[in-house]
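Inspection log for the structure reproduced underneath, given as structure tokens.
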Amino acid sequence: MLLSAALVATLTGCGDGEEATTGKVSDAPAASGRATKAKAFISLSAAQVRSALPTDYTLGDALVGDDPTVVTGPEARQNCTGSSGASCDGLVAGGKKELGAEGSTDEGHIEFTLYAFDSPKAASAVRKSLAATARASVTAPQRVEIASGADETEAFRGTSTTHVVMRLGSVVAHVRAVGTTTGNVNHVATHQIDLIKDASAR
């Protein structure tokens, strides 16, 4: 899935996306309906974490950055614990990708972080802790509503930074956007969830 190159304007202060309205945290699946049979939860291996991180190509060449970083074992757990304050039990792998607008001279950029766990329960515990830690780093955070299609989503905005902390199956995704309107953050958050779904199906 390719996103519009208009994201460049988002990071350079010229975006025309509307601010998302303040709303409650959503801890329910985006789609509801009668369950007909049990469905396996979404999970990712270390290789799948790499393919689930956004790239310059999947974002339509609007953003550029270095290659994604994927780690496992003690290093992954150290990174997860450091960012969330949780013990990160059941962690399989962690990954990160940073992107900025090509040719931009300001500080606008977006960071994508993924943590894959062995169960949705483990992922949910870390998502909550990660959201609390990120919220504490923002001055006067205000909740915003993001419709990403995740099982759990918590989003809030400070002066210039928006955090979106999500869980899909056993995967935790954190989108940190600086110098970007909240309305446009919804696009990249949804894109991240779509990439997780695609990677898990491979």
Side-chain angles (χ1 to χ4, degrees), residues 20 22-54 70-97 111-138 141-157 161-177 185-186 188-201:
T22 301
K24 296 189 297 182
V25 176
S26 172
D27 288 323
S32 60
R34 280 190 314 182
T36 56
K37 62 180 180 179
K39 184 172 64 173
F41 61 83
I42 285 178
S43 61
L44 298 178
S45 65
Q48 288 171 320
V49 166
R50 182 178 297 276
S51 64
L53 286 164
V70 176
V71 293
T72 60
E75 185 178 358
R77 186 158 184 164
Q78 182 178 12
N79 290 349
C80 178
T81 299
S83 63
S84 68
S87 60
C88 296
D89 295 331
L91 180 65
V92 175
K96 187 171 184 177
K97 173 76 175 182
E111 298 174 2
F112 300 88
T113 304
L114 296 180
Y115 294 115
F117 293 86
D118 59 8
S119 72
K121 181 178 180 180
S124 184
V126 171
R127 187 210 65 78
K128 293 175 183 176
S129 183
L130 178 59
T133 300
R135 190 187 308 109
S137 71
V138 176
Q142 293 190 347
R143 288 180 177 176
V144 294
E145 194 167 311
I146 297 292
S148 65
D151 295 327
E152 297 177 7
T153 301
E154 190 168 351
F156 41 89
R157 181 179 178 87
T161 304
T162 302
H163 291 268
V164 186
V165 187
M166 306 168 285
R167 179 187 65 81
L168 182 66
S170 63
V171 182
V172 175
H174 180 197
V175 176
R176 178 178 178 271
V185 172
N186 194 106
V188 293
T190 302
H191 179 61
Q192 175 62 94
I193 292 301
D194 288 342
L195 288 177
I196 293 172
K197 292 177 181 177
D198 290 345
S200 70

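No hydrogens, no waters, no symmetry mates; every other heavy atom, side chains included, goes into these values. Everything numeric here is computed off the predicted structure, so don't read it as measured data.
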Exercise. When you look at M166 and V175, which way does the side-chain contact (heavy atoms from CB on, under 4.5 Å) test go after all the steps?
Worked result: CA-CA 8 Å; M166 306 168 285; V175 176; 4.0 Å; yes
Problem set entry | Shortest non-hydrogen separation from V138 to R157 and the atoms involved | CG1-C, 4.1 Å
Exercise. Distance from R167 atom CZ to I193 atom CD1, nearest 0.5 Å?
Worked result: 10.0 Å
Problem set entry | Test item: L44 and V92 side chains (from C-beta on) under 4.5 Å apart, heavy atoms | no
Exercise. So, does R77 use its side chain to make a donor-acceptor pair with the main chain of S87 at under 3.5 Å?
Worked result: yes
Exercise. Is T190 reaching over with its side chain to a backbone N or O of A147, donor-acceptor style, under 3.5 angstrom?
Worked result: yes
Problem set entry | Verdict with supporting geometry, S83 and L130, side-chain contact (heavy atoms from CB on, under 4.5 Å) | CA-CA 7 Å; S83 63; L130 178 59; 4.1 Å; yes
Exercise. In Å, rounded to the nearest 0.5 Å, how long is the span from CG of L168 to CD of E152?
Worked result: 10.5 Å
Problem set entry | Shortest non-hydrogen separation from A86 to T81 and the atoms involved | O-OG1, 3.1 Å
Exercise. Would you say V126 and C80 make side-chain contact, with heavy atoms under 4.5 Å?
Worked result: yes
Exercise. So do S84 and Y115 actually touch side chain to side chain, heavy atoms under 4.5 Å?
Worked result: no
Exercise. Looking at A199 and Q48, what are the two nearest heavy atoms and their distance?
Worked result: O-NE2, 3.1 Å
Exercise. Does I42 offer a backbone N or O that forms a donor-acceptor pair with the side chain of S170 under 3.5 Å?
Worked result: yes
Exercise. Going by an N to O cut-off under 4.0 Å, is there a salt bridge joining E154 and R127?
Worked result: yes
Exercise. Taking the side chain as C-beta and beyond, is there a heavy-atom pair between Q192 and L114 under 4.5 Å?
Worked result: yes
Exercise. Measuring from F117:CZ to S124:OG, what's the distance to the nearest 0.5 Å?
Worked result: 10.5 Å
For this session: Any chance you could measure F41, atom CZ, to D118, atom CG, to the nearest 0.5 Å?
Result: 7.5 Å
Seminar exercise, completed: Closest non-hydrogen contact found for L53 with K96 is CD1-N, 3.6 Å
Seminar exercise, completed: CD1 of I196 to OG of S43, rounded to nearest 0.5 Å, is 11.5 Å
Problem set entry | Straight-line distance of T153 OG1 to I146 CD1, nearest 0.5 Å | 8.5 Å
For this session: Could you tell me which non-hydrogen atom of G169 sits nearest to which non-hydrogen atom of A123, and how far apart they are?
Result: O-CB, 4.1 Å
For this session: Provide the closest heavy-atom pair for L91 versus A116 in the form atom of the first, atom of the second, distance.
Result: CD1-O, 3.4 Å
For this session: Taking the side chain as every heavy atom from C-beta outward, state whether P141 and H163 have any pair of such atoms under 4.5 Å apart.
Result: no
